[in-house]
Amino acid sequence: MIARFKEQSGRAVVELPSWHFCDNEQDANDCALLVLNGVKQATTPSLYWFKANNEALPEVGDLAIFTNWQGQPLGIIETVSVTITAFNQISADYAALEGEGDKSLEYWQRVHWDYYQRELAGTEYQCHPDMPLVCEQFKLVFKESE
């Protein structure tokens with residue numbers, strides 16, 4: 001996939017991180033399809049997840065391969081914006097960028113609160129309304145099927 005992306009884009013890419021969305025098969029595969037269809041344009045792990053896993057925050061211009069749950073590469077996304085926003089400050093417009101469910105803020109809050117509970121289980125961090133979230137907006141720059 002990287003070789004085809006390099007040829008198509010002219011970018012000098014050697015290696016890219018690879019990951020799937022979410023923490024379960026159904027959501028991971030659903031979200032991957034939303035990205036491929038141009039609906040999902042953002043993802044929002046907690047800042048605590050990055051700290052607990054000693055991971056670097058995404059940066060504008062980062063490229064990553066996203067996969068389905070089984071690890072099959074589906075495409076490449078490029079980070080276009082990264083902000084830190086409290087859970088209780090997420091806007092309806094941002095929730096719609098996530099593209100999940102009915103795209104409402106209420107839906108986003110409900111499913112993400114449950115997700116953060118699972119994401120932070122077993123860490124020193126706990127969910128709270130003003131917990132910091134890493135709001136990463138991205139664009140799809142390559143589909144595996146192309």
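In this chain, numbering begins with 1 at the start of the sequence shown.
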How far apart are the closest heavy atoms of [X] and [Y], and which atoms are they?
X	Y	result
Pro45	Tyr116	C-CE2, 4.1 Å
Leu105	Ile90	CD1-O, 3.5 Å
Leu63	Pro17	O-CD, 3.5 Å
Val141	Gln8	O-OE1, 4.1 Å
Trp19	Ala64	NE1-CB, 3.5 Å
Cys22	Trp69	O-CZ3, 4.4 Å

Are [Y] and [X] connected in a single hydrophobic cluster, I mean Ile/Leu/Val/Met/Phe/Trp/Tyr linked by side-chain heavy atoms less than 4.5 Å apart?
X	Y	result
Val13	Val80	no
Ile77	Leu36	yes
Val35	Leu33	yes
Leu16	Phe142	yes
Leu57	Phe138	no

Is any side-chain heavy atom of [X] closer than 4.5 Å to a side-chain heavy atom of [Y]?
X	Y	value
Tyr48	Thr123	no
Asn29	Gln70	yes
Asp23	Tyr115	yes
Tyr125	Leu47	no
Lys139	Glu78	yes
Glu136	Asp62	no
Val82	Glu59	no
Phe21	Leu34	no

Just checking, any donor-acceptor pair under 3.5 angstrom between side chains of Ser104 and Asp102?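 A donor-acceptor contact under 3.5 Å links the two side chains.
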
#### Entry: Tyr94 and Thr44: side chain donor to acceptor below 3.5 Å
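Distance-only check passes for Tyr94 and Thr44.
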
Rounded to the nearest 0.5 Å, what separates atom [atom1] in [X] from atom [atom2] in [Y]?
X	Y	atom1	atom2	value
Cys135	Gln89	SG	CD	11.0 Å
Leu120	Met131	CG	CE	6.5 Å
Glu25	Asp30	CD	CG	10.0 Å
His20	Leu74	NE2	CG	11.5 Å
Ile76	Lys143	CD1	NZ	13.5 Å
Gln72	Phe66	CD	CZ	10.5 Å

Glu100 backbone acceptor or donor facing Lys40 side chain under 3.5 Å
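Flag not set: sc Lys40 to bb Glu100 has no pair under 3.5 Å.
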
Notebook entry, point to check: Would you say the side-chain atoms of Glu98 pair up with the backbone N or O of Trp108, donor to acceptor, closer than 3.5 Å?
Noted result: no

### Query
Hey, is CD on Gln117 packed in by over 12 heavy atoms from elsewhere, all under 6.0 Å?
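Result for CD/Gln117: enclosed.
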
Show, in sequence, the C-alpha distance, side-chain angles and deciding distance for Asn24 and Arg118, and conclude whether the side chain to side chain contact (heavy atoms under 4.5 Å, CB included) test is met. CA-CA 11 Å; Asn24 65 79; Arg118 296 187 309 270; 4.1 Å; yes

